[in-house]
Novice: 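Sharing a structure below in structure tokens format, with a few things to ask.
Counting begins at 1 with the first residue of the sequence. Atoms within a ligand are numbered from 1 in the order they appear, just like the ligands themselves.
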Amino acid sequence: MKFTSVCKPGLGALPAIALAATFAASVSAEGDENAAWDRAERRAEATVRAMTPAEKTILTHGVMAMPPTTTPPDAVPGAGYIPGIPRLGVPALKETDASLGVAYAAGLRNDNATALPSGLAMASTWDADLVETAGRMIGGEARAKGYNVMLAGGVNLMRDPRNGRNFEYFGEDPLLAGTLVGHAIRGVQSNRIIATIKHLALNGQENGRHFADVQISEGNARESDLLAFQIGIEIGQPGSVMCAYNRVNGHQACSSDWLLNRVLKQDWGYKGFVMSDWGAVPDLQAAMNGLDQQSGEQLDTEVFFADKLAAAAANSPAWARRLDDMNKRILTAIYANGLESHPAQPGGAIDYEANAAIAEDAARQGIVLLRNRDNILPLAKSARTILVVGGLASTGVLSGGGSSQVIGEGGPAAAIPLGGTGPFAAFARMNYHRSSPLAAIQAMAPQATVRFRNGRSVAEAAAAAGKADIVIVFANQWSGEGFDHADLTLPEGQDALIAAVAGANPNTVVVLQTGGPVAMPWLDRTAAVIQAWYPGIRGGQAIASVLFGETNPSGRLPITFPAGEAQLPRVKLDGFDRLEPDFIGRKPEGAGPLPVDYDIEGSDIGYRWNARQGHKALFPFGFGLSYTTFETGGLRVDGKTASFTVRNTGNRDGTTVVQVYLTQTPRGRQQRLVGFARVALKAGEVRSLSVPIEPRTIAEFEGGRWQIDKGRHAFALGASAEDLSAEVPVDLAARRWK
Ligand code: BGC
């Protein structure tokens with residue numbers, strides 16, 4: 001695949017010398033990868049020439065591989081199946097969700113599968129290598145279960161903290177999210193299977209997701225959501241891209257000539273194929289507009305990409321050429337990843353112990369310490385009485401719902417149906433993984449008396465809290481595909497529970513398991529807060545490990561926690577007042593359009609919006625505490641690289657994430673993350689680092705080109721988006737490129 005980037009981002013925390021060596025190695029690896037894609041493409045062209053007309057509409061469509069649909073005997077139950085062409089040695093495509101592990105597929109897969117922590121937990125690590133390892137692990141499981149396509153690679157930016165699918169993705173920043181998703185994809189595809197970056201693009205809310213019509217200018221889209229995809233595609237080279245349900249500037253994303261043909265295929269030179277999201281194809285014309293494959297076809301109003309497509313190709317040279325191109329792209333992805341030469345077969349060996357350790361490591365590194373009054377954490381192993389309250393902490397840890405749901409062996413520890421009707425009612429179930437935080441806490445403090453109150457009675461929990469040395473309250477917010485949150489309030493009266501418990505005992509530690517940001521009206525009364533996200537199959541152990549200091553927390557927020565809905569560009573989520581049980585499905589009869597104006601914030605999402613508006617977040621992007629302290633300094637910027645020193649000034653080993661922000665351009669104040677480095681430092685250790693600056697983060701996208709203005713720019717180091725060092729001015733030369 002051809003790269004359009006000038007600089008390869010995301011090399012992480014490496015000393016300058018190592019960085020230079022890695023840079024050279026990655027440039028040559030990039031060359032090899034490009035050559036492999038070119039060879040795959042030539043081979044695909046030859047296969048297309050050998051195809052009969054009837055064979056040309058085999059790869060272009062397929063079913064959701066679940067009952068009641070009857071699938072061929074070689075199908076593996078899961079998200080999708082596309083038949084192969086045995087005569088030409090082309091394998092069937094066997095597709096599984098998704099980014100957090102091999103999905104449960106509505107209970108069809110109740111064999112074991114390793115659940116990673118949520119995407120936001122992994123993004124909180126800011127650790128490309130760790131995310132790549134996690135991707136390699138889940139891709140390995142997919143392959144061992146017989147799948148050769150993993151629908152993994154979700155990278156929709158968090159434009160709204162109430163979006164029910166935020167937990168699947170990598171946060172609000174295009175550089176961070178794009179870098180991490182690229183590495184996740186690399187990991188998955190290292191198993192010789194195809195990964196799928198999704199959902200292209202601007203799929204920022206679930207409410208009305210089939211017809212929400214995002215309004216956004218080209219420049220704003222390119223500098224934000226599309227930049228995340230662009231970087232992710234450059235790094236990961238996914239075999240496929242999944243287009244989104246929603247509309248963009250009046251067109252269904254899966255039938256958007258601008259998104260699919262012009263941006264993705266023409267400007268970015270993408271050579272793989274575009275598959276539809278399940279039930280997102282409006283008509284046959286979508287093929288001309290850039291869609292290559294109709295997925296989950298029984299969910300669309302018609303199968304457009306079979307007989308209708310064949311007839312169009314028989315009658316029109318333009319359609320015949322397009323059909324050949326669709327086949328070429330699907331075959332290129334198959335050959336580039338070696339699906340035909342290294343077939344995935346069910347029954348492969350899986351080391352679940354080793355895989356759970358990877359999931360646990362990701363959870364430990366992704367937990368964010370938000371508050372730690374008087375260093376109450378880490379808890380002393382000598383604490384005598386510990387009261388654990390709420391959150392089903394004696395049972396397990398929460399996971400997010402929907403197509404990405406992964407369930408381990410033996411099923412969930414608890415599955416609590418939320419009820420409801422409509423197409424997504426089956427997804428409305430809070431599943432808890434079998435990893436009890438209570439048991440893990442007790443294991444960490446064997447001499448302590450650890451008690452549990454479920455928190456259903458606030459008075460009972462508060463009374464018990466008064467008698468304990470330490471109280472740990474678990475507060476949960478379930479999120480899932482198909483549902484958005486009405487607001488940022490923790491559900492089920494948990495705010496009152498925390499307030500009462502913290503009122504009864506000042507040594508109250510709150511552990512949040514949420515899909516995204518929540519409001520914390522009780523914050524000042526608590527001693528400590530940790531954000532554990534959805535922590536995955538070994539989440540209980542990871543939480544205990546952080547609470548007791550076996551893991552020194554190093555997670556940094558990949559999203560902004562707003563101080564309230566009033567700070568958001570859209571104070572109310574669009575369409576929420578029109579919510580019907582099946583509102584996320586096709587547009588209800590008589591319902592008007594649902595425009596969603598993303599030009600309000602434009603490319604300034606999250607912390608960038610806050611900087612523009614002068615808002616102070618509850619917790620800013622990039623924020624996270626440690627059990628040690630760090631100091632950064634000596635920033636030097638030459639426009640391509642930022643160099644600085646970082647020192648561990650405390651007396652514990654620890655890991656920090658140094659963030660480099662643009663703060664000023666010749667046009668005015670402008671805050672953007674331009675580079676970052678995650679670095680582990682022994683107590684007292686100091687290191688000099690240098691990180692590449694991603695040029696597109698200092699540019700504007702105008703008139704079809706990236707442009708850096710000539711003149712004064714300023715940069716700063718950040719411990720978060722709101723905790724910046726003194727600015728360093730740099731005069732940059734003008735630059736324009738495609
Ligand atoms: C989701 C996709 C998923 C697909 C297949 C859709 O509902 O939006 O992310 O990959 O289903 O299960």
Novice: Using a strict cut-off of 4.0 Å, indicate which atoms of ligand 1 neighbour a heavy atom of Lys198.
Specialist: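 Listed by number with element: 2 (C), 3 (C), 9 (O), 10 (O).
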
Novice: Report the residues that fulfil ring-ring contact (aromatic ring centres under 6.0 Å, His included) with Trp478, sequence neighbours left out, ordered by chain and then residue number.
Specialist: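 Applying ring-ring contact (aromatic ring centres under 6.0 Å, His included) to Trp478 gives Phe483.
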
Novice: With the threshold set at under 4.0 angstrom, would you say Arg165 reaches ligand 1 through any of its heavy atoms?
Specialist: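 A heavy atom of Arg165 does come that close to ligand 1.
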
Novice: Does His199 approach ligand 1 within less than 4.0 angstrom via side chain, backbone, both or neither, non-hydrogen atoms only?
Specialist: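 Side chain only; the backbone of His199 stays clear of ligand 1.
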
Novice: Please write down residue, atom name and distance for the protein heavy atom closest to atom 7 (O) of ligand 1.
Specialist: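 Among all protein heavy atoms, the one nearest atom 7 (O) of ligand 1 is Glu481 OE2, 2.7 Å.
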
Novice: Could you identify the single nearest non-hydrogen protein atom to atom 10 (O) of ligand 1 and state the distance to 0.1 Å?
Specialist: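 I find the closest protein heavy atom is Asp97 OD1, 2.6 Å.
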
Novice: Can a salt bridge be assigned to the pair Glu340 and Arg192 using a cut-off of 4.0 Å between side-chain N and carboxylate O?
Specialist: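 Salt bridge absent between Glu340 and Arg192.
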
Novice: Can you sort out the partners of Ser224 under side-chain hydrogen bond (donor to acceptor under 3.5 Å, both in side chains), two or more places apart, ordered by chain and number?
Specialist: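 side-chain hydrogen bond (donor to acceptor under 3.5 Å, both in side chains) list for Ser224, sorted by chain: Arg159.
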
Novice: Quick one about His210 and Asn246 (side-chain donor to acceptor, distance below 3.5 Å, no hydrogens or angles considered), yes or no?
Specialist: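 On atom types as modelled, these side chains do not qualify, holding no pair under 3.5 Å.
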
Novice: We want to know whether Gln365 and Asp127 form a side-chain donor-acceptor pair, criterion being a heavy-atom distance below 3.5 angstrom.
Specialist: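 No, no side-chain donor-acceptor contact under 3.5 Å.
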
Novice: Looking only at the side chains, is there a donor atom on one of Asn191 and Tyr147 sitting less than 3.5 Å from an acceptor on the other?
Specialist: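 Judged by distance alone, the side chains do not pair up.
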
Novice: Which residue and atom name correspond to the protein heavy atom nearest atom 6 (C) of ligand 1, and how close is it?
Specialist: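 The closest heavy atom on the protein side is Asp277 OD1, 2.9 Å.
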
Novice: When you measure from the heavy atoms of Glu168 to every atom of ligand 1, does any distance fall below 4.0 Å?
Specialist: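 Distance cut 4.0 Å: Glu168 fails for ligand 1.
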
Novice: Determine, using heavy atoms of Met275 and all atoms of ligand 1, whether some pair is separated by less than 4.0 Å.
Specialist: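 So Met275 does not count as touching ligand 1.
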
Novice: Between Phe167 and Tyr534, what is the ring plane arrangement, given parallel below 30°, perpendicular above 60°, and tilted in between?
Specialist: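 Perpendicular, since the angle between the ring planes exceeds 60°.
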
Novice: Return yes or no for this condition: an N or O of Trp278 is under 3.5 Å from an N or O of ligand 1.
Specialist: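 There is no such contact.
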
Novice: At under 4.0 Å between heavy atoms, which part of Arg209 makes contact with ligand 1: side chain, backbone, both or neither?
Specialist: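 It is the side chain that touches ligand 1; the backbone stays farther off.
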
